[in-house]
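Each remark here refers to the structure printed beneath this line.
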Number of protein chains: 2
Amino acid sequence: MKGYLWTGGHGSTSTEAAPSEGRLAPWEAIAVDAVGNVIEFWGFKRNQGRVWALLYLRGEPLTAGEIERELDLSKGGVSMLLRDLERWGVIQRVRLPQDTVWRYGAETDLVRMVRHVIEEREAGFVARIRADLAEARRLAETAGSVPAERLERLEKMATLAEHVERALRLFIKTSRLDVSGVLAVFRDGAGRRGEK
Amino acid sequence: MKGYLWTGGHGSTSTEAAPSEGRLAPWEAIAVDAVGNVIEFWGFKRNQGRVWALLYLRGEPLTAGEIERELDLSKGGVSMLLRDLERWGVIQRVRLPQDTVWRYGAETDLVRMVRHVIEEREAGFVARIRADLAEARRLAETAGSVPAERLERLEKMATLAEHVERALRLFIKTSRLDVSGVLAVFRDGAGRRGEK
DNA sequence: CATATAGTTCAAGACCGCTTGAACTGCACC
DNA sequence: GGTGCAGTTCAAGCGGTCTTGAACTATATG
């Protein structure tokens, strides 16, 4: 089995050239784009999601060149996208025994990507916000002429920020829990990339 | 060196509207921008957050003109921003008895803004994603030549989408709960006095 | 060493959303 | 009616992000 035909021809199927998309099957294009949309919604690049989706759907590692063709992206773009994804740990770079080129395979937890980067973003971001609000409070206090009433509001604003932060953390935690269930499903029979 | 000019005297409720005077106190600028950053981070316009923050910090309704001057925005921009905020229910348009002009006051639950719009966005968005994935599955099945293994992966992808959706809903719910506590804090003494 | 292919980097430009500013409407008062 | 100000709308411009494509490095091969 192993060999999928995407390398060569498709015998009978009419996967003729789609104008904009490479040689993705229509259903693949739709699924890949759907993931791209989700990922973009979450604040990442659309194409990062598309690349991951392609690799996941194909189930076996692809080369940068293949990705480039399938998704109709530029060489440089693919290089950068793969780097991001690899750094986040959502894809894996592998070199097959007799092969000379790198191939990239999807890690099953796309979620890690969202989690990881959101955690990272959130950390730096919230810290910054808090520092700003603290600074504002300091300035307002030393200024002296600020009505107590307004100072109070400023403090409440900081409180709100903390609560939102807490909610966000909670979300991350619950999603992690919830997602661990999903991962089980994924590993179930999806990847026979039992390496590691 | 005190006296941030525009305040004139906090005693006078009419705000005295320092004519063509519009510089934010430094501490206000910082706080306002901090909120702007948060709001932008959540996918809204930075200036929507800034406007809300200004109105909240001031505690009393301001006119569009004042907002325009304080935040150094354009007339048209303020108009649109206020419209958005009002539609989302996070600010309130009021007309004082003897006054001829509209004024805008902050509603205490900025959170409603996030919640409301996220709910809305999420609803339409997730629906779309689901539809796309369903379509992809349909196409893949009718195509016939798709390995069962890949179909499986496609289905798992849909499952993932559902789980993420669930996590998101959960987040909204918990944040609502968590936030109700914050609201209590806010209402405590923040209220705009006796309008209405 | 020459050649070819894989992979990286980055300036230039495409792309897209936000803001601006002017024209416009509406309303109040003279 | 006319003047002035508050508020709305929208085409055009601006600014920031993403992608491209070419130059470059790295590595394998004869």
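Just so it is clear, the values below take in all heavy atoms, side chains as well, and ignore hydrogens, waters and symmetry mates. Naming convention: chains lettered A, B, ... in sequence-line order (proteins, then strands); numbering from 1 in each chain.
- Between B/R95 atom CZ and C/dA28 atom P there is a gap of 7 Å when expressed in whole angstrom units.
- In this structure, A/R50 contributes its side chain and A/L71 its backbone to a donor-acceptor pair below 3.5 Å.
- Between A/Y104 and A/W52, the ring centre distance reaches or exceeds 6.0 Å.
- Comparing A/G77 and B/T63 along DNA chain D, the residue whose closest nucleotide (by nearest heavy atom) sits nearer the 5' end is B/T63.
- For B/L82 and D/dG7, the CG to C1' distance is 10 Å, given to the nearest whole Å.
- A salt bridge between A/R103 and A/D99 is present, with a side-chain N of the basic residue lying under 4.0 Å from a carboxylate O of the acidic one.
- The backbone N or O of B/A25 sits less than 3.5 Å from a side-chain atom of B/E28, completing a donor-acceptor pair.
- Closest to the side chain of B/S79, from the set D/dT8, D/dT19, C/dT19, is D/dT8.
- To the nearest angstrom, C1' of D/dC5 lies 14 Å from CD of B/E66.
- Listed nucleotides: D/dA28, C/dG7, C/dA28. Nearest to the side chain of A/T100: D/dA28.
- Spacing between atom CZ of A/R46 and atom P of C/dG17 amounts to 13 Å, rounded to whole angstrom units.
- Not one side-chain nitrogen or oxygen of B/N47 sits closer than 4.0 Å to the OP1 or OP2 atom of C/dC18.
- In this entry the distance linking CE of B/M80 with P of C/dT20 reads 9 Å, nearest Å.
- Evaluation of atom-type donor-acceptor distances gives no pair under 3.5 Å for the side chain of B/K75 against the base of C/dG21.
- Atoms NZ (B/K45) and C1' (C/dT20) sit 12 Å apart, rounded to a whole Å.
- Atom CG in A/L73 sits about 15 Å away from atom P in C/dC15, given to the nearest Å.
- Each of B/S74 and A/R93 was assigned the nucleotide of DNA chain C with the nearest heavy atom; the assignment lying further toward the 5' end belongs to A/R93.
- As rounded to whole Å, 13 Å separates atom P of D/dA6 from atom CD1 of B/I67.
- A salt bridge between A/E86 and A/R93 is present, with a side-chain N of the basic residue lying under 4.0 Å from a carboxylate O of the acidic one.
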